[in-house]
Amino acid sequence: VWAYNSFLDMLGLKRMVAEAKLLFLEMQEKGMTPNVDTYNVLIHAICVAGNVEEALRILKNMLSHGPKPSIVSYTIVMRALSGQRRIEEALQLLEDLSQQGLSIDKSMYGTLLYGLCKGGRVADAIRLFEKMELSGFNDIVAYNCLIRGHCEMGDMNAAKKLFIEADAKGLKPDVVMYTTLINGFFKIGNIEAAQELVTDVGKKGLKPDLIMFSTLMEGLCENECFEAAQELLDEIVRQGLEPNSSMYTMLICALCMAGSADKAVHFLEEMSLKGLRLD
RNA sequence: UCCGGUGAGCGCCCA
């Protein structure tokens, strides 16, 4: 069963949900009894594939036959509902799990926080965050969720304050947190604050990744920093990373709108040399 | 120990 669980997980991560389902059936044909981990892996794969309805059905079925859902099962489905901003249904799930006698752990609180922020209910999220604080659940992930909630509301003062608070607590801000804030500052047009954070990433010796660079590319283009956007491509290569097609597409779009057709053509050619195509 | 929570764009789904 353990071997099957691991294999199922692999398939799920590779977005091979159909294959995962077949494997699940095969297990049962061979007389093996899937345990709750097996179900969780399957539910996770189904959720990642975006089929929350089916995940909900499986979760409900587990109540009557098969292994009882664990807190992990609920967390997986909660996360999927939250990602689709279906916060009411997510909260309903929370009541269901209490009725099952399950108690809410740190990851579930984190998921709930994510859901509230994603659903724009930042005030509720702040209350939950304060409650989580008492249990020592506020790790770097929790901080980042709430920071993102504030960013989405354009409240960068609150976001920055949380960032400083996390730092002061000794929770080391990571590239994810910097990316969240950089994105937030770009969205309100505060280019200086965004640039300052980028400098900070370098000072701290953190390794920028493709997601951070993609965020930068979008922010620079949206704020019409065309030179900086072009230089960014070189910086990405210096960091040993490969610019992807969406970065080129953003840059080329921005250059076209700025009326620099010649430069746009230059990057278009560079793209095709690398075997990339416009998105 | 092993299954679950955080960041960009694209695609997918929904509108």
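By convention in this document, chain letters (A, B, ...) are assigned in the order of the sequence lines, proteins followed by strands, and residues within each chain are numbered from 1. From a predicted model like this one, the values you see are computed outputs, not experimental measurements.
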Inset, instruction - Any chance you could lay out the side chain to side chain donor-acceptor pair (under 3.5 Å) test for A:S246 and A:N244, step after step, and finish with the verdict? - result: CA-CA 6 Å; A:S246 54; A:N244 59 31; 3.1 Å; yes
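Annotated stems with RNA chain B as a participant are lacking; only runs of 3 or more Watson-Crick or G-U pairs under 3.5 Å would qualify.
Here the side chain of A:N183 is nearest to one of B:G5, B:A8, B:C3, namely B:A8. When distances are taken from the side chain of A:V141 to each of B:U6, B:G4, B:C3, the shortest belongs to B:U6. In the set B:C10, B:G4, B:U6, B:G4 carries the atom at the smallest distance from any side-chain atom of A:D105. When distances run from any side-chain atom of A:T180 to the nucleotides B:G9, B:G4, B:G7, the shortest one goes to B:G7. When distances are taken from the side chain of A:E218 to each of B:G7, B:G5, B:G9, the shortest belongs to B:G9. When each of B:G9, B:U6, B:C3 is scored by its nearest atom to the side-chain atoms of A:K187, the top-ranked nucleotide is B:G9. You'll find that the side chain of A:A142 is closest to B:G5, out of B:G5, B:C3, B:G7. Distance from the side chain of A:K106 is smallest for B:G5 among the nucleotides B:G5, B:C2, B:G7. When distances are taken from the side chain of A:N40 to each of B:C10, B:C3, B:G4, the shortest belongs to B:C3. With B:G4, B:G9, B:U6 as the choices, the nucleotide that has an atom nearest any side-chain atom of A:N244 turns out to be B:G9.
Nucleic acid contact for A:I211: base, since at least one base atom lies under 4.0 Å from a heavy atom of the residue. Contacts of A:M78 with the nucleic acid, taken as non-hydrogen atoms under 4.0 Å apart, are absent. Within the 4.0 angstrom heavy-atom criterion, no nucleotide atom of any strand lies near A:V77. Counting any heavy atom pair closer than 4.0 Å across all strands shown, A:N51 reaches no nucleic acid atom.
Using a 4.5 Å heavy-atom cutoff, the side chains of A:L81 and A:M78 are not in contact.
One atom, OH of A:Y74, and another, C1' of B:G5, lie 18 Å apart when rounded to the nearest Å. Between the CG atom of A:L210 and the P atom of B:G9 there is a distance of 14 Å, given to the nearest Å. Across the protein-nucleic acid pair, A:L251 atom CG and B:C10 atom C1' stand 16 Å apart, rounded to whole Å. B:A15 atom P lies 13 Å from atom CZ of A:R86, rounded to whole Å. At whole-Å resolution of the value, CG in A:L232 and C1' in B:G9 are 13 Å apart. Atom CZ in A:F163 sits about 14 Å away from atom C1' in B:G7, given to the nearest Å. One atom, CG of A:L206, and another, C1' of B:G7, lie 14 Å apart when rounded to the nearest Å. Computed from coordinates, the A:D200 CG to B:G7 P distance equals 21 Å when rounded to whole Å.
Contact of A:D279 with B:G11 (side chain to base): no donor-acceptor pair of N or O atoms is detected under 3.5 Å. For B:G5, its base never sits under 3.5 Å from the side chain of A:T111 at any donor and acceptor pair. One N or O donor and one acceptor, one from the side chain of A:T75 and one from the base of B:G4, sit under 3.5 Å apart.
Remark: the backbone N or O of A:T179 is not paired with any side-chain donor or acceptor of A:T215 at under 3.5 angstrom. For A:N223 (side chain) and A:C225 (main-chain N/O), no donor-acceptor pair under 3.5 Å exists by modelled atom type.
Looking at A:K161 and A:E165, no side-chain N of the basic residue comes within less than 4.0 Å of a carboxylate O on the acidic one, giving no salt bridge. Remark: A:E231 does not engage A:R238 in a salt bridge, criterion side-chain N to carboxylate O under 4.0 Å.
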Please tabulate, for the side chains in residues 130-137 of chain A, all donor-acceptor contacts under 3.5 angstrom to protein atoms that are two or more places apart in sequence or on a different chain.
residue: A:E133; atom: OE1; partner: A:N138; partner atom: ND2; Å: 2.9
residue: A:E133; atom: OE1; partner: A:K169; partner atom: NZ; Å: 3.0
residue: A:E133; atom: OE2; partner: A:K169; partner atom: NZ; Å: 2.9

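Note: A:E196 CD to A:N190 CG = 9.0 Å, rounded to the nearest 0.5 Å.
The phosphate of B:A8 (OP1 or OP2) has a side-chain N or O of A:R148 nearer than 4.0 angstrom.
Sorted by first and then second residue, the pairs that involve residues 171-220 of chain A and meet ring-ring contact (aromatic ring centres under 6.0 Å, His included), not counting sequence neighbours, are A:F163-A:Y178.
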